2 protein chains.
Amino acid sequence: MERRTVAARIHDLDQALTAAGRRAARGLLGNYPLLGLAPVAEFAAAAGVSAATIVRFVAQLGFRSYPDFQRALREELEERSKSPLQRGASAPETEGDAAFLAAFLMRSARTLNETAAHIPAGEFETVCRRLSEPKRQCYLAGGRFTDFLAGYLEAHLRLVRPGIRRLDGRPATSADQLIDVRPGDIAVLFDVRRYDPALLETARTLARRKAHIVLITDAWLSPISRHARYCLPCRTETGRTWDANTALLALAEAIIARVTELSWETAKGRIGALEGD
Amino acid sequence: MERRTVAARIHDLDQALTAAGRRAARGLLGNYPLLGLAPVAEFAAAAGVSAATIVRFVAQLGFRSYPDFQRALREELEERSKSPLQRGASAPETEGDAAFLAAFLMRSARTLNETAAHIPAGEFETVCRRLSEPKRQCYLAGGRFTDFLAGYLEAHLRLVRPGIRRLDGRPATSADQLIDVRPGDIAVLFDVRRYDPALLETARTLARRKAHIVLITDAWLSPISRHARYCLPCRTETGRTWDANTALLALAEAIIARVTELSWETAKGRIGALEGD
DNA sequence: CAACTTCTGTAATAGGTGTTGCATAAAACC
DNA sequence: GGTTTTATGCAACACCTATTACAGAAGTTG
């Protein structure tokens with residue numbers, strides 16, 4: 001028997017799957033791998049297909065029988081549960097390190113919840129509504145380690161609505177890009193500690209032209225906050241060398257999700273056209 | 001049916017068990033709970049008793065039948081995989097607009113915890129150690145919506161160690177970039193659903209040149225997983241139009257933090273020199 | 001629009017599974 | 001050490017499960 005995981009096999013088929021087969025795959029991956037350990041009838045009911053389809057599905061995966069398939073899943077599960085066990089045996093000195101990832105991610109998760117607690121719901125909602133008004137031009141920019149966030153937000157907002165402009169970080173070129181800014185236009189700026197002086201300059205110009213600045217920053221507030229109409233502070237502390245930008249991305253994704261909802265009438269056409277299915 | 005775990009039930013019986021029954025219990029606890037999901041015959045063979053003993057054993061545990069017992073085990077396993085996220089799930093899920101942000105961020109936090117539960121600690125640690133060996137070249141690349149993650153990781157790793165190369169997404173140029181790849185070099189690839197065909201091609205080339213591929217993907221596993229030596233799946237489900245990449249960023253930051261620790265002797269000088277204070 | 005191919009659920013079948021009665025072996029108790 | 005009680009494995013049984021043939025539905029192609 002091959003060593004590839006069932007999940008990997010499913011992916012190999014991917015295109016080759018029929019409609020019902022795909023539902024079976026989704027069902028299994030959605031509740032992986034437990035659903036596969038249930039009897040066929042239960043698997044079928046949960047996936048919304050007939051028992052026969054499940055059997056054909058596992059046959060397509062390359063298993064000679066359903067029990068065979070279940071055996072593979074159990075072995076896989078066993079492998080998985082053994083790997084974290086090896087850490088104790090093979091590397092006794094790394095006892096503290098074993099939990100590194102879990103501790104780090106748990107801490108990150110906590111910053112998300114703290115962030116939620118520190119941002120007024122009304123402020124968030126207002127920002128999203130502003131961003132959903134297609135008549136306003138929308139400018140995006142970030143600092144050294146946050147520019148990628150502006151890029152990410154840009155990529156998604158472009159799919160949702162027209163009028164998105166990304167601002168280059170360099171002040172010389174940004175001046176050119178700002179000549180068209182009109183009062184009431186909206187600008188989303190990302191800026192975290194070791195705040196970017198160039199971005200502050202950009203913010204000043206935007207404020208002078210009466211653009212509405214949405215500032216996404218850390219808990220210590222970028223100096224841009226003085227010019228910002230809306231300010232969304234995120235938690236970034238990690239107690240390590242680097243601060244974390246996870247909360248900023250999560251906030252950006254929340255904005256994307258909300259704006260997509262609010263602009264759905266406009267967005268659905270655009271997304272369909274660009275995604276192509 | 002009671003809600004107590006099977007393991008707890010076994011513990012309760014403990015003294016009341018017969019000799020053969022105890023062997024069954026030991027067998028199950030030694031490979032918990034997977035052995036219980038196997039057919040009776042297999043369970044019996046592994047525990048060194050007869051099938052009949054196994055059936056009596058599960059009856060003693062309070063189950064009406066062996067399938068009943070298996071169902072309980074599956075439900076237990078399902079609970080366990082969900083448990084790390086229930087901690088923060090106390091807020092009223094008012095899907096109204098007021099709580100949108102809080103609900104969204106809480107959900108994101110949950111994906112982080114689920115991600116932590118699904119990535120073997122050993123795998124993460126191994127990847128970080130590989131990344132901390134400065135002799136290996138390190139290549140980075142991402143797909144359409146994840147390229148920014150590669151960029152983010154690149155920006156930080158550059159500060160920590162030499163030999164970081166970012167791969168351009170376009171296959172034409174990437175071929176040129178890959179001619180220097182040597183066996184043992186390491187490549188970190190980000191790929192989430194609507195997997196990038198160009199990136200898959202890049203991965204193939206990397207694999208052909210015996211580079212070690214670290215794949216950071218979603219729960220459905222990019223096709224690149226077939227070529228990856230290490231695979232770190234993240235949760236991305238939001239139940240909305242867009243999947244969330246927050247967990248991928250958090251994982252990237254965890255890698256950055258860990259590699260910085262492991263390479264501290266090298267890193268401290270570089271960071272000081274480049275940050276300039 | 002028709003002919004064909006492919007897919008999917010239904011229902012009957014075959015095979016395996018869990019179950020249980022019984023004989024035997026082990027242990028406990030006079 | 002004999003007798004009773006309990007535990008255990010074997011093997012036949014009954015049930016349920018996976019399997020598959022078939023017919024209808026859905027989608028494709030000319």
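Proteins come first, then strands; the chains are lettered A, B, ... in the order of their sequence lines, and each starts at number 1. The shown structure was predicted, so the numbers you read here are calculated from the model rather than taken from an experiment.
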> Between dG9(D) atom C1' and R56(B) atom CZ, what is the distance in whole Å?
Replying inline: 8 Å

> Which nucleotide in the set dG18(C), dT19(D), dG9(D) lies at the smallest distance from any side-chain heavy atom of A52(B)?
Replying inline: dG9(D)

> OP1 or OP2 of dG9(D) sitting under 4.0 Å from any side-chain N/O of T53(B)?
Replying inline: yes

>> Could you tell me how far apart E42(A) (CD) and dC16(D) (C1') are, to the nearest whole angstrom?
In response: 14 Å

> Do the non-hydrogen side-chain atoms of L249(A) and E253(A) ever get within less than 4.5 Å of each other?
Replying inline: yes

> Is R165(A) paired with E154(A) through a side-chain N to carboxylate O contact shorter than 4.0 Å?
Replying inline: no

> What does A20(A) touch in the nucleic acid at a heavy-atom separation under 4.0 angstrom: a base, only the sugar-phosphate, or nothing?
Replying inline: sugar-phosphate

> Y66(B) OH to dG16(C) C1': how many Å, rounded?
Replying inline: 14 Å

> In whole angstroms, how far is the P atom of dT19(D) from the CZ atom of F69(A)?
Replying inline: 11 Å

> What is the distance, rounded to the nearest whole Å, between atom CZ of F43(B) and atom C1' of dT17(C)?
Replying inline: 16 Å

>> Can you measure R71(B) atom CZ to dC16(D) atom P for me and round it to whole angstrom units?
In response: 13 Å

> Is there a side-chain contact between I255(A) and F104(B) (heavy atoms, below 4.5 Å)?
Replying inline: no

>> Less than 4.0 angstrom between a side-chain N/O of T18(A) and OP1 or OP2 of dT6(C), yes or no?
In response: no

> Of the nucleotides dT19(C), dG9(C), dA18(D), which has the atom closest to the S50(A) side chain?
Replying inline: dG9(C)

